[in-house]
Amino acid sequence: QVPLVESGGGSVQVGGSLSLSCVGSGYTLSSNCMAWFRQAPGKEREGVVQADRTGGTGYSDSVRGRFTIARDDARNTVYLHMNSLKPEDTATYYCAAVPCWIFRRISRGPPEVQEYTTWGQGTQVTVSS
């Protein structure tokens, strides 16, 4: 019933790596722009990275160079690969989708909450020192 299902969250040491997965359930991700958001306790939900349908991406300044979004249409899955993790990366991470045109071009900048319409339940990432 839930269209997007995240997995892969957990605890990791500072400087470590972690990969998250988002699988479409009865929902074809290839027809959508995809994004990852995160929310720490007491903080607003913030955009981390988004991807259009043809390889274009936009990252937040805080994760650029450390995080990478990847799409595997054959598996109806998107990934968030996180490296060099910091304590401030601790948050609940959410996968999100919105139908978008094939010619929609994302080249810079993080996603905005208001632009995405379909959401997963979230997965917790904790970075400890």
(message) Quick check on Glu44: does its CD atom have over 12 non-hydrogen neighbours (other residues, nucleotides or ligands) under 6.0 Å away?
(response) no

(message) Within this structure, what is the SG-CE distance for the pair Cys22 and Met34, rounded to the nearest 0.5 Å?
(response) 4.5 Å

(message) Any non-hydrogen side-chain atom of Leu85 less than 4.5 Å from a side-chain atom of Leu18?
(response) yes

(request) Mind listing the closest non-hydrogen atom pair of Thr118 and Leu4 along with its distance? (result) O-CD1, 3.5 Å

(request) Could you pull out all residues at least two apart from Arg38 that satisfy salt bridge (Lys or Arg N to Asp or Glu O under 4.0 Å)? (result) Glu46, Asp89

(message) Applying side chain to side chain contact (heavy atoms under 4.5 Å, CB included) to Leu29 and Val78, what does each step give before you reach the verdict?
(response) CA-CA 8 Å; Leu29 303 188; Val78 298; 4.1 Å; yes

(message) Could you tell me if the side chain of Tyr94 sits less than 4.5 Å from the side chain of Arg45, heavy atoms only?
(response) yes

(message) Tell me whether Arg108 contacts the main-chain N or O of Gly58 through its side chain, where contact means a donor paired with an acceptor under 3.5 Å.
(response) no

(request) Please round to the nearest 0.5 Å and tell me the distance separating atom CG of Leu80 and atom CD of Glu6. (result) 11.0 Å

(message) Pairing donors with acceptors under 3.5 angstrom, does anything connect the side chains of Tyr27 and Asn76?
(response) no

(request) Grab the two heavy atoms, one from Ile69 and one from Tyr59, that are nearest each other, plus how far apart they are. (result) N-OH, 3.0 Å

(request) Find out whether Ser128 and Val14 are in side-chain contact, i.e. whether some heavy atom of one side chain is under 4.5 Å from a heavy atom of the other. (result) no

(request) Apply side-chain hydrogen bond (donor to acceptor under 3.5 Å, both in side chains) to Gln50 and Tyr116, showing your working. (result) CA-CA 10 Å; Gln50 61 182 335; Tyr116 284 80; 2.8 Å; yes

(request) Taking Thr123 for its side chain and Gly9 for its backbone only, find out whether a donor-acceptor pair lies under 3.5 Å. (result) yes

(request) Report the distance from atom CH2 of Trp101 to atom OG1 of Thr54, rounding to the nearest 0.5 Å. (result) 15.0 Å

(request) Determine whether Met82 and Val125 make a side-chain contact, defined as any pair of heavy atoms from C-beta on separated by less than 4.5 Å. (result) yes

(request) Examine Arg71 relative to Tyr79 and say whether NZ or CZ is less than 6.0 Å from the centre of the six-membered ring and inside a 45° cone about the ring axis. (result) no

(request) Answer yes or no: is there a donor N or O on one side and an acceptor on the other, between the side chain of Arg104 and the main chain of Asp52, under 3.5 Å? (result) no

(request) Would you please say whether a donor-acceptor pair under 3.5 Å links the side chains of Gln39 and Thr92? (result) no

(request) Measure across Ser60 and Gly47 and return the closest heavy-atom pair with its distance rounded to 0.1 Å. (result) CB-O, 3.6 Å

(request) To the nearest 0.5 Å, tell me how far Ile106 CD1 sits from Thr57 OG1. (result) 8.5 Å

(message) Quick one about Thr77 and Asp72 (side-chain donor to acceptor, distance below 3.5 Å, no hydrogens or angles considered), yes or no?
(response) no

(message) Any donor-acceptor pair under 3.5 Å linking the side-chain atoms of Thr28 with those of Ser30?
(response) no

(request) Supply the atom-to-atom distance Ser21 OG to Arg75 CZ, rounded to the nearest 0.5 angstrom. (result) 9.5 Å

(request) Treat each ILVMFWY residue as a node, draw an edge where side-chain heavy atoms are under 4.5 Å apart, and state whether Val98 and Val113 are in one component. (result) yes

(message) Return the CD to CG distance between Gln124 and Leu20, rounded to the nearest 0.5 Å.
(response) 10.5 Å

(message) Looking at every non-hydrogen atom in both residues, tell me the closest pair between Asn32 and Pro99 and how far apart they are.
(response) OD1-N, 2.9 Å

(message) For the backbone of Arg66 and the side chain of Ser84, can you confirm whether one donor and one acceptor N or O come within less than 3.5 Å of each other?
(response) no

(request) Indicate, with yes or no, if the rings of Phe37 and Trp119 have centres closer together than 6.0 Å. (result) yes

